[in-house]
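Sequence lines set the chain letters: A, B, ... in the order given, protein chains first and strands last, and positions in each chain run from 1. What you see is a predicted model; the values in this text were computed from it and never measured.
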There are 2 protein chains.
Amino acid sequence: MEKTDETGALRRAPSQKRSQERVERMLQAATALIEEGGSDAMRMGEVAERAGVSIGSLYQYFPDKGAIVRTLAERYNAEGRACIAEGLAGVRDMDGLLRAFGGLIDTYYGIFLAEPVMRDIWSGTQADKALRDIDLRDSRANGELLAEAWQRVARNNDGDDIRRKAFLVMSLGEATMRLAISVERAEGDALVADYKAMALREIGNA
Amino acid sequence: MEKTDETGALRRAPSQKRSQERVERMLQAATALIEEGGSDAMRMGEVAERAGVSIGSLYQYFPDKGAIVRTLAERYNAEGRACIAEGLAGVRDMDGLLRAFGGLIDTYYGIFLAEPVMRDIWSGTQADKALRDIDLRDSRANGELLAEAWQRVARNNDGDDIRRKAFLVMSLGEATMRLAISVERAEGDALVADYKAMALREIGNA
DNA sequence: TGCAAATGTGAGGATTGCTCATATTTAGTG
DNA sequence: CACTAAATATGAGCAATCCTCACATTTGCA
């Protein structure tokens, strides 16, 4: 049976307190290394050394290098999802939805700018199909959250249509963030603003 | 002095006819291998073997594995750019632009569906910063082409604004394609249609 | 205390991108 | 044709790195 939370990527769940702390140290070491040089330059031996752990222990919990990155990715995703759920929870009418969505974009962009690890992971610098699947599932989940609020306030209430559009809007939001952090700051800001206007028009239209 | 065409990624330009043909065979072998298992599973030794060439010859022309992928990517990009330039060349009014752009999206989507190598390269499965730069430059160039036509027919003619929006529209177009080929066909088609409607509204708005 | 299960270790196997000293082929010249 | 220099071709092997596995240690528990 698979666990559904972030530990799903683990080879073996640490049951004792000591090993739980060790796994946490491994993830912290990995985070630090990704901050310094990106996940591509992160070496498994270095992760083990920084965590004060043998290479064997590392592989006892993480089946491969990608699993570490995936675990971190799912943590960030879970945080983001919670943030989106909270932002959309109290939405009662279209105007509220538009304001909430606009605020979420700004928040997300701020996080993207501030979190080098998140940037690295989602910048396409990972040759890992499993990571793309995680990305896709995340967009779907976020799309569902948006669709839920959207359907509550839409005039024209075609469910499938709105769910699909919500999925697209969320996916393109991520794409815009990736694009924005690849160019100089001022242009990135303007691109995000353009996307936001476009997305709001799309939402307000239904 | 750098060459500006696709051979810019080469370590040494083949000047004799024999070596030109060999380089072409290397690229063909690489294409076949990517079609079979993706660029990640492509082995340099296998490329050399299939091309009927030694591993040393391969590295005489391509500085590293990524350079082969990059060379192929730039070929596809050049084709796409030519297609876009042609499609937008005769645009005289807003209505013509909207029709031309819509047609280009369909064409591009068709190519994406039909070309496994292009799909593989642009599916984010490449741990290569240089490839992301190529992607970015391609979107910029395509954005310039769109902006040129757009400015000709726009009522509100703010140059920088239109150029940036054209860049965004093109980038999100690529992102939509990537998304569309990651889901089942029917949903992908619908997503592309949604994007198209959104982009056309954005263009018609300026 | 004793034992089984959980956890920890690190030398080394295996893969693979890439180099370099050497050999062969081509183009050009007298 | 003979000769030379530049271009091109070769593949054994180096270096880096992910990951395994046989064995050692620690923990929970009766």
Side-chain angles (χ1 to χ4, degrees), chain A residues 3 7 9-30 33-34 36-72 125-131, chain B residues 3 7 9-30 33-34 36-72 125-131:
Chain A
K3 302 196 127 198
T7 57
L10 295 189
R11 165 177 278 171
R12 157 186 251 163
S15 70
Q16 301 177 2
K17 189 178 175 187
R18 176 181 53 142
S19 52
Q20 281 167 8
E21 288 168 352
R22 292 170 115 272
V23 167
E24 214 49 45
R25 280 216 308 280
M26 296 174 200
L27 289 171
Q28 280 169 15
L33 286 168
I34 292 174
E36 287 169 27
S39 57
D40 205 50
M42 179 185 86
R43 304 290 166 225
M44 292 302 269
E46 238 178 319
V47 174
E49 193 187 13
R50 283 232 195 166
V53 147
S54 74
I55 184 76
S57 284
L58 197 52
Y59 278 96
Q60 189 120 42
Y61 297 101
F62 298 96
D64 51 46
K65 182 178 170 179
I68 294 183
V69 178
R70 272 176 264 140
T71 301
L72 292 174
T125 170
Q126 260 299 328
D128 191 342
K129 175 169 168 26
L131 193 60
Chain B
K3 302 197 125 195
T7 57
L10 295 189
R11 166 178 277 171
R12 157 188 250 161
S15 70
Q16 300 177 0
K17 188 177 176 187
R18 176 182 54 143
S19 52
Q20 282 168 8
E21 288 168 351
R22 294 177 116 242
V23 168
E24 215 50 44
R25 280 215 308 278
M26 296 173 200
L27 289 171
Q28 280 169 15
L33 286 168
I34 292 174
E36 286 169 28
S39 56
D40 205 50
M42 178 186 87
R43 304 292 166 223
M44 292 301 269
E46 238 178 320
V47 174
E49 192 186 14
R50 283 233 195 166
V53 149
S54 73
I55 185 73
S57 283
L58 196 53
Y59 278 95
Q60 189 120 43
Y61 297 100
F62 298 97
D64 51 45
K65 182 178 169 178
I68 294 183
V69 178
R70 272 175 264 140
T71 302
L72 292 175
T125 171
Q126 259 299 326
D128 191 342
K129 177 169 168 20
L131 194 58

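The side chain of A/Gln16 has D/dT27 as its nearest neighbour among D/dA7, D/dT20, D/dT27. Of the candidate nucleotides D/dA9, D/dT20, C/dT7, C/dT7 has the atom nearest to the side chain of A/Gln60. Here the side chain of B/Ile55 is nearest to one of C/dG8, C/dA11, D/dG11, namely D/dG11. Looking at the side chain of B/Lys65, the nearest of the listed nucleotides C/dC18, C/dG10, C/dA6 is C/dC18.
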request  = Could you walk me through whether B/Asp64 and B/Arg70 pass the salt bridge (charged side-chain N to carboxylate O under 4.0 Å, His left out) test, one step at a time?
outcome  = CA-CA 10 Å; B/Asp64 51 45; B/Arg70 272 175 264 140; 2.9 Å; yes
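Between D/dT8 and B/Ser19, a contact under 4.0 Å exists linking OP1 or OP2 to a side-chain N or O. Contact between the side-chain N/O atoms of A/Arg11 and the OP1/OP2 oxygens of D/dT20 is found at a separation under 4.0 Å. The shortest distance between the side-chain N/O atoms of B/Tyr59 and the OP1/OP2 oxygens of C/dT19 is not below 4.0 Å. The side chain of A/Arg18 contributes no N or O atom lying less than 4.0 Å from OP1 or OP2 of D/dT26. Contact annotation: A/Ser57 reaches the phosphate of C/dT9 (side-chain N/O to OP1 or OP2, under 4.0 Å). Listed pair A/Arg22 / C/dT9 meets the phosphate criterion, a side-chain N or O lying under 4.0 Å from OP1 or OP2.
Under the 3.5 Å distance criterion, the side-chain polar atoms of A/Arg11 are matched with a main-chain donor or acceptor of A/Tyr59.
Side-chain contact check for B/Arg22 versus B/Pro14: every heavy-atom pair is 4.5 Å or farther apart.
Among the protein residues, B/Phe62 comes within range of no part of the nucleic acid, since none of its heavy atoms lies under 4.0 Å from any strand.
When rounded to the nearest whole Å, the span between CZ of B/Arg43 and P of C/dC18 equals 12 Å.
Within 6.0 Å of CD in B/Glu49 there are 12 or fewer heavy atoms belonging to other residues, nucleotides or ligands.
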